[in-house]
Amino acid sequence: QNHGATWLASSTDGASVTRTGVMSFSASATNQITVAGKTNFNTTGGTIMFWMRSGGLADPLGNPAALLDRANNNNGCVIVQNADGTVTLQLGSAGAVSTTSSLSDNLWHQVAVTYDQPGGQLVIYADGNFINNVAGLASWSWPTGQELEWGLSHNATSWQAYNGLMDDVRFYNRVLTGDEITSAFTGALVDTNALVMQLTFTAAPTQGVTLQWQAADGVLQSAASVKGPYTDVVGAGSPYSVP
């Protein structure tokens, strides 16, 4: 779901790299993209990959910015943009791995991270190249049902909002090899059987919402204010589309 992030038809950086259909996140507004925490994302080994373009933190003296947050009670992971422009994958207290150079130069960069539970290793890549790895991690797991939050974390005391662009977000249910990540950097999809999710933002978000409910005797009600008063929506059955 898109919570206020702005869709852009295209973005060209200083290196004349153009990406078509991208999402823009602004730290001055509350916006993010969330993906429901399905069991497909609970794999014990996998790869998270995305493209980012940012000039740096909105608050250079503040906490790192959340690119992805799927953490709760020291389980799961966060991927953050640091004040020095590097990017870090943090697994609660289990371990972390970072890029070694700044990616906050207002140019497009691909970031890919691989993980292996429970005591395996973390590997981070930038622009298709191996950068760093950490092995012998402490045990960790995914928080069951936790959603994936892109661009803004529910934990506002630890992470500030991301200020920049994002595109081609992917989640694979296995650890990709270095060669596969290099291939993905050049545009390949790579093992579509393992590709659990891909967000390409090739079309603008549409207005409206479809409501669904499980209770057979459920009654949909509507009000102009959350305080009510509420009245029945005549003839509303699940699923119900609101334009």
Side-chain angles (χ1 to χ4, degrees), residues 2 4-29 31-33 47-69 77-90 96-114 122-133 148-153 159-172 176 178-190 197-204:
N2 174 23
T6 303
W7 178 80
L8 301 177
S10 64
S11 170
T12 303
D13 62 27
S16 297
V17 175
T18 300
R19 298 198 64 83
T20 302
V22 301
M23 295 304 296
S24 176
F25 298 86
S26 173
S28 63
N31 55 53
Q32 68 176 175
I33 292 175
T47 304
I48 302 170
M49 184 186 305
F50 57 92
W51 285 78
M52 63 175 289
R53 176 185 170 185
S54 174
L57 301 183
D59 179 5
L61 300 180
N63 293 328
L67 296 164
L68 165 67
D69 189 340
C77 84
V78 291
I79 302 177
V80 299
Q81 174 193 31
N82 301 305
D84 63 0
T86 59
V87 171
T88 297
L89 167 66
Q90 176 73 52
V97 65
S98 301
T99 61
T100 54
S101 59
S102 174
L103 302 182
S104 299
D105 53 5
N106 208 27
L107 301 176
W108 279 108
H109 294 282
Q110 182 213 47
V111 177
V113 293
T114 67
L122 297 176
V123 184
I124 191 165
Y125 300 79
D127 297 332
N129 298 310
F130 168 85
I131 301 298
N132 209 349
N133 74 299
L148 288 73
E149 301 172 314
W150 297 93
L152 182 70
S153 169
W159 319 113
Q160 64 175 287
Y162 173 56
N163 200 56
L165 307 179
M166 193 174 295
D167 191 25
D168 198 4
V169 177
R170 306 187 195 182
F171 198 112
Y172 291 87
L176 297 185
D179 288 343
E180 287 174 320
I181 289 174
T182 300
S183 181
F185 172 67
T186 63
L189 274 180
V190 183
M197 178 192 72
Q198 183 184 25
L199 307 178
T200 59
F201 315 120
T202 53

Please examine the side chains of [Y] and [X], heavy atoms only from C-beta on, and report whether any two atoms are closer than 4.5 Å.
X: Phe50; Y: Leu68; result: no
X: Met23; Y: Trp7; result: yes
X: Phe201; Y: Leu8; result: no
X: Leu165; Y: Arg19; result: no
X: Ile33; Y: Phe25; result: yes
X: Ser10; Y: Val22; result: no
X: Met52; Y: Tyr162; result: yes
X: Leu189; Y: Arg170; result: yes

So how far is it from [X] [atom1] to [Y] [atom2], rounded to the nearest 0.5 Å?
X: Leu176; Y: Ser183; atom1: CG; atom2: OG; value: 10.0 Å
X: Tyr172; Y: Met197; atom1: OH; atom2: CE; value: 11.0 Å
X: Leu199; Y: Asp168; atom1: CG; atom2: CG; value: 9.0 Å
X: Asp167; Y: Ser24; atom1: CG; atom2: OG; value: 12.0 Å
X: Asn31; Y: Trp150; atom1: CG; atom2: CH2; value: 15.0 Å
X: Trp159; Y: Glu149; atom1: CH2; atom2: CD; value: 12.5 Å

Heavy atoms only: give me the nearest [X]-[Y] pair and the separation to one decimal.
X: Ala66; Y: Ser153; value: CB-CB, 3.8 Å
X: Asn163; Y: Ser54; value: O-OG, 2.9 Å
X: Leu152; Y: Ala161; value: CD1-CB, 3.5 Å
X: Ser98; Y: Ile124; value: O-CG2, 3.6 Å
X: Ile79; Y: Ile48; value: CD1-CG2, 4.1 Å
X: Gly128; Y: Gln110; value: N-OE1, 3.1 Å

Check your understanding: Taking it one step at a time, do Thr100 and Asn132 satisfy side chain to side chain contact (heavy atoms under 4.5 Å, CB included)?
Key -> CA-CA 8 Å; Thr100 54; Asn132 209 349; 4.3 Å; yes
Check your understanding: How far apart are the C-alpha atoms of Thr47 and Val190, what are their side-chain angles, what is the distance that settles it, and do they pass the side chain to side chain contact (heavy atoms under 4.5 Å, CB included) test?
Key -> CA-CA 11 Å; Thr47 304; Val190 183; over 6 Å; no
Practice item. Take Thr6 and Ser26, measure what side chain to side chain contact (heavy atoms under 4.5 Å, CB included) needs, and give me the verdict at the end. Key: CA-CA 8 Å; Thr6 303; Ser26 173; over 6 Å; no
Point to revise | NZ/NE/NH1/NH2 to OD/OE distance under 4.0 Å, Asp13 and Arg53 | key: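 So Asp13 does not pair with Arg53 through a salt bridge.
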Practice item. Go through the side-chain N and O atoms of Asn82 and Thr88 and say whether any donor and acceptor fall under 3.5 Å apart. Key: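 Present: a donor and an acceptor within the cut-off.
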Review point. Would you find a donor on one side and an acceptor on the other, under 3.5 Å apart, between the side chain of Gln160 and the backbone of Leu57?
Key: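 Judged by distance alone, no pair lies under 3.5 Å.
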Point to revise | Residues Phe185, Trp51; criterion side chain to side chain contact (heavy atoms under 4.5 Å, CB included); working and verdict | key: CA-CA 9 Å; Phe185 172 67; Trp51 285 78; 3.3 Å; yes
